Amino acid sequence: MDSNRTAPPAAGLDTAQLMEQILYEVKRVVVGQDRFLERVMVAILAQGHLLVEGVPGLAKTLTIKTLASTIRGDFKRIQFTPDLVPADLVGTRVYNQKTGDFSTSLGPVFTNLLLADEINRAPAKVQSALLEVMQERQVTIAGVSHKVPLPFLVMATQNPIETEGTYPLPEAQVDRFMMKVLVDYPTDDEEFVIVQRVIGPAVQVAAVATTEQLAALQAQCRQVYVDPSLVQYAVRLVSSTRHPARHGLDELARFITFGASPRATINLTEGARALAMLRGRSYALPEDMADLVPDVLRHRLVLSYEALSEGLSADQIVGKIMGKIPPPAKPLAHD
């Protein structure tokens with residue numbers, strides 16, 4: 001296939017083929033980062049948002065921009081800086097001197113895939129401007145609500161190695177992110193391929209799906225079966241972050257100031273559905289949910305000073321919780 005030619009719409013493809021083609025096109029540009037890309041697809045199918053932490057240069061922006069091209073979706077990037085104001089994100093009312101009327105100028109959040117780059121470099125009032133649009137998929141300007149286009153995904157990035165000039169994210173906003181994904185450096189072989197692709201001819205990504213087809217995939221994802229025992233597993237995991245002693249984790253009580261909210265339980269369940277669908281199944285298994293537990297919980301735990309003084313991370317605490325609370329046996333016997 002000519003790399004400069006746009007592929008025809010994939011209307012006749014089934015779900016597995018369509019998702020495979022989307023991933024194939026992205027992988028023509030992005031080298032490695034399979035786990036990160038899988039989490040991006042899970043977030044899209046489950047209609048969640050993604051918080052990504054990684055050093056600069058790991059293809060975070062490239063991944064989301066390439067994905068937007070494959071689904072014919074709109075992509076916008078906001079560089080968060082200390083002088084940003086909420087109107088720069090959501091929009092504002094503009095006065096027209098000629099007509100004497102006010103008109104609404106919509107901000108860059110009105111897109112399908114929004115990249116909030118270095119989100120922790122803007123003050124809390126700017127970060128909080130994303131609260132309504134992340135939860136309600138709408139923005140209220142001067143008392144009038146405006147719906148954002150669907151599907152809608154916010155992918156925010158933050159740099160773990162620079163803390164000067166940054167602001168901690170408000171807890172209410174952190175809770176609205178379905179997952180926090182840690183992106184690591186590529187392997188030596190992957191980095192060799194990255195350099196070859198950069199110095200070689202540019203690859204033009206083919207649009208293999210539409211936003212309407214993606215919306216249909218999201219609707220189909222909600223039909224994936226989740227056994228009640230899996231939901232109970234999610235409830236026990238999240239509950240143990242709030243009341244560790246009730247689940248035989250007395251030693252963790254002094255390390256956790258605040259645990260995860262019910263959004264974590266919902267996100268675990270919805271994420272397990274999406275991951276099962278990506279793996280070609282119409283039912284979720286315990287390993288689908290267990291794979292997502294660290295990503296869903298790590299940013300929702302507020303650690304105590306005692307945990308920080310002892311050098312404990314949220315991932316270590318989540319690991320201890322998972323070690324104590326085993327997943328259920330396979331709830332369904334599928335041959």
Side-chain angles (χ1 to χ4, degrees), residues 39-40 42-53 60-61 64 73-93 104-159 165-181 218 238 241-242 257-271 295-303 314:
R39 296 304 187 261
V40 173
V42 166
I44 289 179
L45 290 175
Q47 303 180 52
H49 306 292
L50 211 57
L51 180 61
V52 184
E53 186 173 286
K60 301 185 293 291
T61 303
I64 198 78
D74 292 329
F75 165 79
K76 289 180 183 175
R77 175 181 178 271
I78 303 174
Q79 181 65 52
F80 277 65
T81 55
D83 61 344
L84 215 60
V85 296
D88 293 331
L89 274 63
V90 299
T92 187
R93 297 278 286 171
T104 301
S105 175
L106 301 179
V109 298
F110 289 85
T111 185
N112 295 120
L113 298 177
L114 176 68
L115 178 66
D117 215 357
E118 294 192 285
I119 191 171
N120 56 338
R121 292 206 171 275
K125 68 175 183 179
V126 178
Q127 298 169 10
S128 298
L130 290 174
L131 291 179
E132 181 185 12
V133 71
M134 290 175 69
Q135 184 66 32
E136 309 293 338
R137 270 40 175 204
Q138 69 176 26
V139 169
T140 301
I141 304 173
V144 179
S145 296
H146 304 269
K147 296 284 187 182
V148 296
L150 298 178
F152 176 72
L153 168 71
V154 174
M155 191 180 91
T157 68
Q158 57 183 17
N159 186 344
T166 62
Y167 303 83
L169 299 184
E171 295 302 328
Q173 184 181 12
V174 168
D175 196 40
R176 280 169 168 78
F177 285 104
M178 179 182 186
M179 292 180 287
K180 178 181 178 181
V181 181
Q218 291 176 336
V238 176
T241 67
R242 305 174 200 144
T257 304
F258 294 103
S261 76
R263 276 200 187 101
T265 312
I266 297 170
N267 290 162
L268 275 175
T269 307
E270 296 285 6
D295 295 322
V296 173
L297 292 184
R298 66 164 55 99
H299 58 298
R300 290 183 159 97
L301 300 186
V302 180
L303 303 186

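In this text, all values refer to a predicted model and were calculated from it rather than measured experimentally.
We find the CZ-CG distance between Arg137 and Leu150 to be 7.5 Å, quoted to the nearest 0.5 Å. In this structure, CD1 on Ile78 lies 8.5 Å from CG on Asp88, to the nearest 0.5 angstrom. Taking CG of Asp175 as the reference point, atom CG of Asn267 lies at 8.0 Å (rounded to 0.5 Å). Between atom NE2 of residue His49 and atom CZ of residue Arg176 there is a gap of 9.0 Å, rounded to the nearest 0.5 Å. Atom CG of Leu106 and atom NE2 of His146 lie 6.0 Å apart (nearest 0.5 Å). From Phe177, atom CZ reaches atom CE of Met134 across 3.5 Å, with rounding to the nearest 0.5 Å.
Between Gln218 and Ile44, some side-chain heavy-atom pair lies under the 4.5 Å cut-off. For the pair Val133 and Val90, the minimum side-chain heavy-atom distance is 4.5 Å or more. With a 4.5 Å cut-off on side-chain heavy atoms, Thr140 and Glu132 count as touching. In this structure, the side chains of Leu115 and Phe75 come closer than 4.5 Å at one or more pairs of heavy atoms. Between Leu130 and Ile119, the closest side-chain pair of non-hydrogen atoms falls below 4.5 Å.
In this structure a side-chain-to-backbone donor-acceptor pair under 3.5 Å is present from Thr157 to Glu118. No side-chain donor-acceptor contact under 3.5 Å links Arg77 to the backbone of Asp117.
Pro151 and Asn112 get closest at one heavy-atom pair: O-ND2, 2.9 Å. Nearest heavy atoms, Ala314 versus Arg298: CB-O, 3.4 Å. Of all non-hydrogen atoms in Pro108 and Leu114, the two that sit nearest each other are O-CD1, 3.7 Å. Considering all non-hydrogen atoms of both residues, Asp74 and Thr111 come closest at O-OG1, 2.8 Å. Taking every heavy atom of both residues into account, Leu301 and Gly259 meet most closely at CD2-CA, 4.3 Å. The heavy-atom pair separating His299 from Met178 by the smallest distance is CE1-O, 3.9 Å.
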As a quick check of understanding, evaluate side-chain contact (heavy atoms from CB on, under 4.5 Å) for Val154 and Val109, giving each step before the final call. CA-CA 9 Å; Val154 174; Val109 298; over 6 Å; no

Apply side-chain contact (heavy atoms from CB on, under 4.5 Å) to the pair Leu113 and Met155, showing each step before the final yes or no. CA-CA 8 Å; Leu113 298 177; Met155 191 180 91; over 6 Å; no

